[in-house]
Every structure is written in structure tokens, then in C-alpha cells.
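Heavy-atom basis, side chains included; hydrogens, waters and symmetry copies ignored. Quick note: residue numbers are just sequence positions, from 1.
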Amino acid sequence: MSRGDARELFVRTHLVRASRLGSDDGIAWFATGAPVDELNGVLLAEPGRIAEAAGAVAGLPALWHSWPGDERFDIESELLALGLGFVEEEPLMTLPLADAGRPGAPAGLRIRRATSQKDLRAWAAVWLGAAPEPTVVAALAAAPTARYLLAETADGAVGCAAAVTAGDAVSVEHVVTSAAHRGRGIGTALTSAVLAAGRDAGASIAVLTASPDGAGIYRRLGFAEQRVVRRFATGEAPPALG
């Protein structure tokens, strides 16, 4: 798979979850309206379109993406000049679902789909580490192709993940295990469940960006790195630029 194809999967599976979005050859942004930066973002922008992108996500916390090695979309210097702070660099990884392993879940672990408002509140509480605002739950519920998976033991909810499908692609999102239950295979089981949900929805390839904690899990499952992405944020709602 080419680096450009992998990025296209990443962009497509983010745009599909948004209530507002914009996308053409030189820009892609999405906004759910929720007060969480992972739910609003500028996925790519040429330098000359940064002001347009800032206007699109004005008033919202948002993540901005810069793509090293790509002259059109490596906008790190421009973002730093605007006062945005560096957040993280992560590998963009893909996996054909036909090549994915199917590891079993740890004993005593149940993974189920969160569908009710109560379930989504529980899911978001694991993801965010705190009780979610109603607008967050509403934004999650409004994403038509997102499936939210909740991992539970006798202790209650201990992990979460999301499968977001767009055409032939499924994005592995928001894989989180509570601190007291890490190192037990829950993250692996959740990722495998996301891949299964993608297959059920007709996807043939998975895409994700990997945190340092998750990269090893994803490599063991067969994911291959295609390129890296660097993320930036203001830490608060970004201003509209004139």
C-alpha cells in the first residue's frame, strides 16, 4: 500500500463520523461539535488553506495533522508559528483483514457493543477517564458507522474501543484499558473485536495510528507502518484566522 493510500483511508474514516466536514484535494477537516479535541480536527491542509481550516474548527478544541516528508501537507512550521503546541507523533499503520489473526479474549472478559445512552456514557467514561459531558455522548451516538465496544469483567467496565467504517476501510479508534487492568491482553482482545466488527460491516482493510503503548500490540496482530503523522493543538479552542 502506498503512503498516500494509507492516508486516504485515515482521512476517509475520520470524515464519516462528523456532523460538519470539508474535503477537497488541498484540505480535509471534520467537526462533531463535542468539546474533545479527538472529535474535531484538521486532517490535512496545504499552507495556503490553514486560515480556512482554522475558521472551520473555530470555537472547538481540535487536533491538527502534519505529514512529514510531504511538501504539500507538512505544515509543522506554520502551525508552530501560529502558537499551536506539539502533541504527539504516531505511526500510521494498516492491515488487510484477510491477514489479521484472531486471538482469543482473556478468561473472564466480555466485550459487547455499547448502544444505549447508558452504555455510551460508560464507554466514554473509560475513554476519557472521567464522566463525559452530554455533548460528547451525543456526538458519539450521531456517528452512523461507528461501533463502540465495551470490555467488562466482574469489576465492571475496564476497556473500550471503536470501529469506524467507511467503504472498504475500518479505523481502529480509542483503544483504552483502565490502568488497573493493563498487561492482561485486554487491548489485544479489543483490537481483535474491532477488526471483527469491521469484517461484519464489509471492510477489507484496517487503519490506525498507534500510541507508544499500543504499537507493539498492533505489530503483533500484523499491522505494518506506512508513514508517520504529527499532531498539534492549542490546548483550547483554536481561533479563527483572518
Side-chain angles (χ1 to χ4, degrees), residues 1-94 127-128 133 135-136 138-140 142-146 162 164 166-167 169 171-174 207-212 225-242:
M1 168 168 288
S2 74
R3 288 154 51 94
D5 288 343
R7 183 171 63 197
E8 188 276 331
L9 297 177
F10 174 81
V11 169
R12 177 158 37 108
T13 52
H14 279 72
L15 294 178
V16 75
R17 71 189 69 181
S19 57
R20 295 190 298 112
L21 59 93
S23 177
D24 62 33
D25 187 52
I27 193 172
W29 61 270
F30 75 103
T32 68
V36 178
D37 60 11
E38 291 187 51
L39 297 179
N40 312 286
V42 179
L43 303 168
L44 54 83
E46 295 175 332
R49 309 286 296 275
I50 289 175
E52 177 185 347
V57 297
L60 296 169
L63 290 177
W64 291 65
H65 298 70
S66 180
W67 299 90
D70 187 323
E71 291 184 359
R72 292 184 66 199
F73 300 117
D74 184 351
I75 56 172
E76 178 164 349
S77 61
E78 289 87 350
L79 297 180
L80 292 174
L82 291 172
L84 276 74
F86 174 70
V87 176
E88 62 191 355
E89 177 178 297
E90 293 188 344
L92 179 66
M93 309 177 81
T94 61
W127 174 43
L128 298 172
E133 295 185 22
T135 52
V136 173
L140 297 175
T145 67
V164 182
S171 182
V172 181
E173 296 287 335
H174 314 311
V207 63
L208 57 79
T209 58
S211 68
E225 182 175 336
Q226 304 298 336
R227 63 187 308 158
V228 298
V229 59
R230 290 171 65 82
R231 293 190 176 99
F232 297 80
T234 61
E236 56 187 23
L241 304 180

Report summary line: When rounded to the nearest 0.5 Å, the distance separating CG of Asp24 from CG of Leu44 is 9.0 Å
Report task. Apply the test side-chain contact (heavy atoms from CB on, under 4.5 Å) to residues Arg12 and Leu9: give CA-CA distance (whole Å), side-chain angles for both, the deciding distance (0.1 Å), then the verdict. Result -> CA-CA 5 Å; Arg12 177 158 37 108; Leu9 297 177; 3.1 Å; yes
Query raised in the report: Does Val16 have any side-chain contact (heavy atoms from CB on, under 4.5 Å) partners at least two apart in sequence or in another chain, and if so, which?
Result: Thr145, Val164, Ala166
Query raised in the report: Is a side-chain N or O of Asn40 found less than 3.5 angstrom from the main chain of Pro35, in a donor-acceptor match?
Result: no
Query - Arg231 with Asp37: basic N within carboxylate O range, under 4.0 Å - result: no
Query - Rounded distance [0.5 Å steps], CD in Glu90 versus CD in Glu225 - result: 11.0 Å
Report summary line: Heavy-atom nearest pair, Gly41 first then Val57, reads O-CG1, 4.4 Å
Requested in this report: Would you check, one step at a time, whether the test side-chain contact (heavy atoms from CB on, under 4.5 Å) holds for Leu43 with Trp29?
Outcome: CA-CA 5 Å; Leu43 303 168; Trp29 61 270; over 6 Å; no
**Report entry** Partners passing ring pair (Phe, Tyr, Trp, His ring centres under 6.0 Å) against His65 (at least two apart in sequence or in another chain)
**Finding:** Phe10
Query raised in the report: Can you tell me how far the CG atom of Leu60 sits from the OG1 atom of Thr32, to the nearest 0.5 Å?
Result: 7.5 Å
Query raised in the report: In Å and rounded to the nearest 0.5 Å, what is the CG to CZ distance from Leu39 to Arg17?
Result: 7.5 Å
Query raised in the report: Rounded to the nearest 0.5 Å, what separation is found between the CG atom of Leu79 and the CD1 atom of Ile50?
Result: 5.0 Å
Query raised in the report: Taking everything shown except Glu88 itself, do over 12 heavy atoms lie less than 6.0 Å from its CD?
Result: yes
Query raised in the report: Taking all atoms of both residues into account, what is the closest heavy-atom pair of Ala18 and Phe30, and its distance?
Result: CB-CB, 3.5 Å
**Report entry** Test side-chain contact (heavy atoms from CB on, under 4.5 Å) applied to Glu76 - qualifying residues, sequence neighbours left out
**Finding:** Ser66, Asp74, Leu80, Arg230, Phe232
Query - Nearest heavy atoms of Arg227 and Pro68, plus distance in Å - result: NH2-O, 4.0 Å
Query raised in the report: Should Arg49 and Asp25 count as an ion pair when the cut-off is N to O under 4.0 Å?
Result: no
**Report entry** Euclidean distance, Glu173 CD relative to His14 NE2, rounded to 0.5 Å
**Finding:** 4.0 Å
Requested in this report: Determine the minimum heavy-atom distance between Met93 and Ala210, stating which atoms define it.
Outcome: SD-CB, 3.7 Å
Query raised in the report: So, Arg7 side chain and Leu92 main chain: donor-acceptor pair closer than 3.5 Å or not?
Result: no
